Chemist: 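Structure provided below as C-alpha cells; questions to follow.
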Amino acid sequence: MPRVLAEIRGRFSSPVHDPVPIPDGALTVASYNVHKCVGTDKRFDPARVAEVIAELDADILALQEADRRFGRRVGLLDMAEIERRTGLRLVPLSTTPGGHGWHGNALLLREGQVTRLHRMALPGGEPRGAVMVEMELQAGPLRVIAAHFGLLRRHRAQQVAAILSALAQHDDMPTIMLGDLNEWRPGRRSSLRALAGPFGHAHPGPATFPSRLPILPLDRIFGRPHGLVRALQAHDTPLSRIASDHLPLKGRLDLVGAAAHGVTAVSMAA
C-alpha cells in the first residue's frame with residue numbers, strides 16, 4: 001500500500017527542490033484552506049486552526065473557507081488573538097460586518113501597506129471569488145492574487161481566464177497567485193494550463209490533500225518573475241493533519257533576487 005500511494009502521489013504531484021540558497025531577507029508566504037475550521041475528526045475547532053497558523057510563521061498568508069458559507073458570512077477565527085500571537089493582521093476584504101474575507105478568501109500580512117484592492121466574483125456554477133491586492137513591502141512592491149476555484153474543470157478554466165483578463169489590465173509588478181485551485185491534473189489536461197504564460201509554468205507542486213495522507217496538489221503558489229517563489233513545501237505536522245482536510249502550502253518569497261530577472265508582460269497564451 002505505501003508503494004501504491006507513493007506512485008499515485010508521484011503521478012499527480014512533485015516535491016520542489018531548490019538547490020540555490022534562500023537569502024536571509026526572504027519572506028514566508030503560505031496558503032491554507034481551513035475547511036471552515038472543521039478538522040478531519042469532524043470537530044469545529046478554530047483554536048486548533050490558529051495553532052497551525054502560528055506554526056507556519058508566515059509573513060503573507062491566504063486563507064480559504066475562513067467565513068461561514070451560508071447565512072451571514074461572519075468570520076470563524078479570532079483574528080485579534082492571531083494578530084497578537086503572530087503579528088499577522090487581516091486585510092479588510094469583507095463587505096459583511098464581522099467577516100474575514102471575500103467569498104471566504106482572507107489575506108493576512110505581517111508588514112507592508114496595501115495600496116490597491118480589487119474583489120472579483122468568479123464565473124462558474126457556484127459562488128467563488130478572488131482578490132487582487134497590491135502592496136508596498138520593505139523589499140518593494142508586490143501583487144497578491146488569492147483565490148478559491150470551483151470543483152468543475154470547465155469552471156476552473158473560466159476562472160483562470162477571468163483572473164488573467166483582470167491581471168492584463170494592471171501595471172507590471174512582482175506577482176504571486178495562491179490558493180486552493182482544486183486542480184490535480186498535470187500538463188494539457190490541467191484547467192490551469194493558461195497560467196503557464198504569465199507565471200512560467202503551471203506544474204503541480206507538493207501534495208496537500210487529503211491532509212491525513214496527502215496525494216493531490218490542490219493548493220498552489222505561483223510567482224512571476226522567475227525566482228520570486230522558492231522552496232515550496234507542504235506544512236505537514238501532527239496538528240496540521242487533523243485541523244483541516246488540507247495541509248497548508250508555503251514557500252519563500254525572494255523579492256530582491258527576483259528583481260534581477262525583471263517582470264515580463266502578461267501573456268494570455270495557453
Side-chain angles (χ1 to χ4, degrees), residues 29-38 46 49-50 52-53 56 58-79 82-83 88-110 112 114 116-135 142-151 155-156 158-167 170 175-183 191-192 195 199 208-209 218-223 229 243-251 253:
V29 59
S31 178
Y32 187 21
N33 184 331
V34 302
H35 196 231
K36 295 179 284 295
C37 297
V38 177
V49 170
V52 176
I53 290 173
L56 287 169
D59 299 288
I60 300 171
L61 174 62
L63 301 177
Q64 301 86 49
E65 300 191 20
D67 297 319
R68 296 187 186 279
R69 185 169 185 179
F70 301 106
R72 186 164 167 263
R73 299 204 63 167
V74 297
L76 298 170
L77 293 159
D78 186 341
M79 287 298 178
I82 289 174
E83 182 174 1
L88 290 167
R89 70 184 192 279
L90 185 67
V91 175
L93 300 176
S94 179
T95 58
T96 301
H100 292 336
W102 170 250
H103 286 276
N105 294 288
L107 186 64
L108 293 84
L109 305 177
R110 189 184 301 277
V114 173
R116 190 172 185 178
L117 170 60
H118 177 47
R119 301 175 183 87
M120 297 179 61
L122 296 178
E126 53 186 322
R128 297 284 179 170
V131 293
M132 189 178 299
V133 179
E134 296 178 5
M135 61 190 72
L142 178 70
R143 177 184 293 119
V144 177
I145 302 168
H148 188 185
F149 283 178
L151 299 177
H155 292 161
R156 292 194 295 273
Q158 293 168 3
Q159 290 157 4
V160 167
I163 287 176
L164 291 181
S165 178
L167 185 58
H170 288 71
T175 299
I176 58 173
M177 179 174 171
L178 73 171
D180 176 6
L181 303 189
N182 264 319
E183 181 58 87
S191 60
L192 309 180
L195 295 173
F199 290 97
T208 56
F209 181 88
L218 300 189
D219 304 275
R220 308 290 183 94
I221 304 176
F222 300 127
V229 177
S244 170
D245 62 345
H246 286 245
L247 294 178
L249 180 66
K250 65 180 181 179
L253 189 65

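Here the structure is a predicted model, which is why all the values come from computation and not from measurement.
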Chemist: Going from CG on N33 to CG on L218, what distance comes out if it is rounded to the nearest 0.5 angstrom?
Modeler: 9.0 Å
Chemist: Can you spot which of V144, T175, I145 makes a side-chain contact (heavy atoms from CB on, under 4.5 Å) with M132?
Modeler: I145
Chemist: Side-chain contact, heavy-atom cut-off 4.5 Å: V114 with L109?
Modeler: yes
Chemist: Do L76 and V34 touch side chain to side chain, with heavy atoms closer than 4.5 Å?
Modeler: no
Chemist: OG/S31 to CG/D219 distance, rounded to the nearest 0.5 angstrom?
Modeler: 5.5 Å
Chemist: Using only atom types and a distance under 3.5 Å, with no angle test, would you say the side chain of D67 pairs donor to acceptor with the backbone of G101?
Modeler: yes
Chemist: Quick check: does any side chain N or O of H170 sit under 3.5 Å from a backbone N or O of A166, one acting as donor and the other as acceptor?
Modeler: yes
Chemist: Taking the side chain as C-beta and beyond, is there a heavy-atom pair between V160 and S191 under 4.5 Å?
Modeler: no
Chemist: What closest approach, in Å, do S244 and H35 show between heavy atoms, and which atom pair accounts for it?
Modeler: OG-CB, 3.4 Å
Chemist: Looking at P248 and L56, what are the two nearest heavy atoms and their distance?
Modeler: CB-CD2, 3.7 Å
Chemist: Quick one: CD1 on I221 to CD1 on I176, what's the gap to the nearest 0.5 Å?
Modeler: 7.0 Å
Chemist: Between R89 and E83, does any NZ, NE, NH1 or NH2 come within less than 4.0 Å of an OD or OE carboxylate oxygen?
Modeler: no
Chemist: Which atom pair, heavy atoms only, marks the closest approach of A121 to H103?
Modeler: CB-NE2, 4.5 Å
Chemist: Taking W102 for the side chain and G129 for the main chain, is one N or O donor matched with an acceptor at less than 3.5 Å?
Modeler: no
Chemist: Would you call F222 and L178 a side-chain contact if the rule is heavy atoms closer than 4.5 Å?
Modeler: no
Chemist: Evaluate the side-chain proximity of L108 to I60: yes if any heavy-atom separation is below 4.5 Å, no if none is.
Modeler: no
Chemist: With sequence neighbours left out, write down each residue that passes side-chain contact (heavy atoms from CB on, under 4.5 Å) with A147, or none if nothing qualifies.
Modeler: A130, F149, I163, L181
Chemist: Just one of H148, R220, Q64 clears the side-chain hydrogen bond (donor to acceptor under 3.5 Å, both in side chains) bar with D180, so which one?
Modeler: H148
Chemist: In sequence, state the C-alpha distance, the side-chain angles, and the governing distance for L164 and L195, and then conclude on side chain to side chain contact (heavy atoms under 4.5 Å, CB included).
Modeler: CA-CA 8 Å; L164 291 181; L195 295 173; 3.9 Å; yes
Chemist: For H246, give me all partners under ring-ring contact (aromatic ring centres under 6.0 Å, His included), at least two apart in sequence or on another chain.
Modeler: F209
Chemist: Testing the basics here: between G150 and N182, what is the closest heavy-atom pair and its distance to 0.1 Å?
Modeler: O-CB, 3.4 Å
Chemist: Which pair of heavy atoms, one from A243 and one from V49, lies closest together, and at what distance?
Modeler: O-CG2, 3.9 Å
Chemist: What residues form a salt bridge (Lys or Arg N to Asp or Glu O under 4.0 Å) with E65, not counting sequence neighbours?
Modeler: K36
Chemist: Please report the interatomic distance CG(L90) to NE2(H100), rounded to the nearest 0.5 Å.
Modeler: 7.0 Å
Chemist: Is there a side-chain contact between L77 and C37, using heavy atoms and a 4.5 Å cut-off?
Modeler: yes
Chemist: Calculate, to the nearest 0.5 Å, the distance between atoms CZ and NE2 belonging to R143 and H118 respectively.
Modeler: 10.5 Å
Chemist: Please confirm whether the backbone N or O of L151 pairs with a side-chain atom of R156, one donor and one acceptor, at under 3.5 Å?
Modeler: yes
Chemist: Measure the spacing between CG of D59 and CG of L88 and express it to the nearest 0.5 Å.
Modeler: 7.5 Å
Chemist: Quick one: does V133's side chain get under 4.5 Å of R116's, heavy atoms only?
Modeler: no
Chemist: Do any N or O atoms from the side chain of R119 and from the backbone of L93 form a donor-acceptor pair under 3.5 angstrom?
Modeler: yes
Chemist: Donor-acceptor pair, distance only, cut-off 3.5 Å: does the side chain of Q159 make one with the backbone of P123?
Modeler: yes
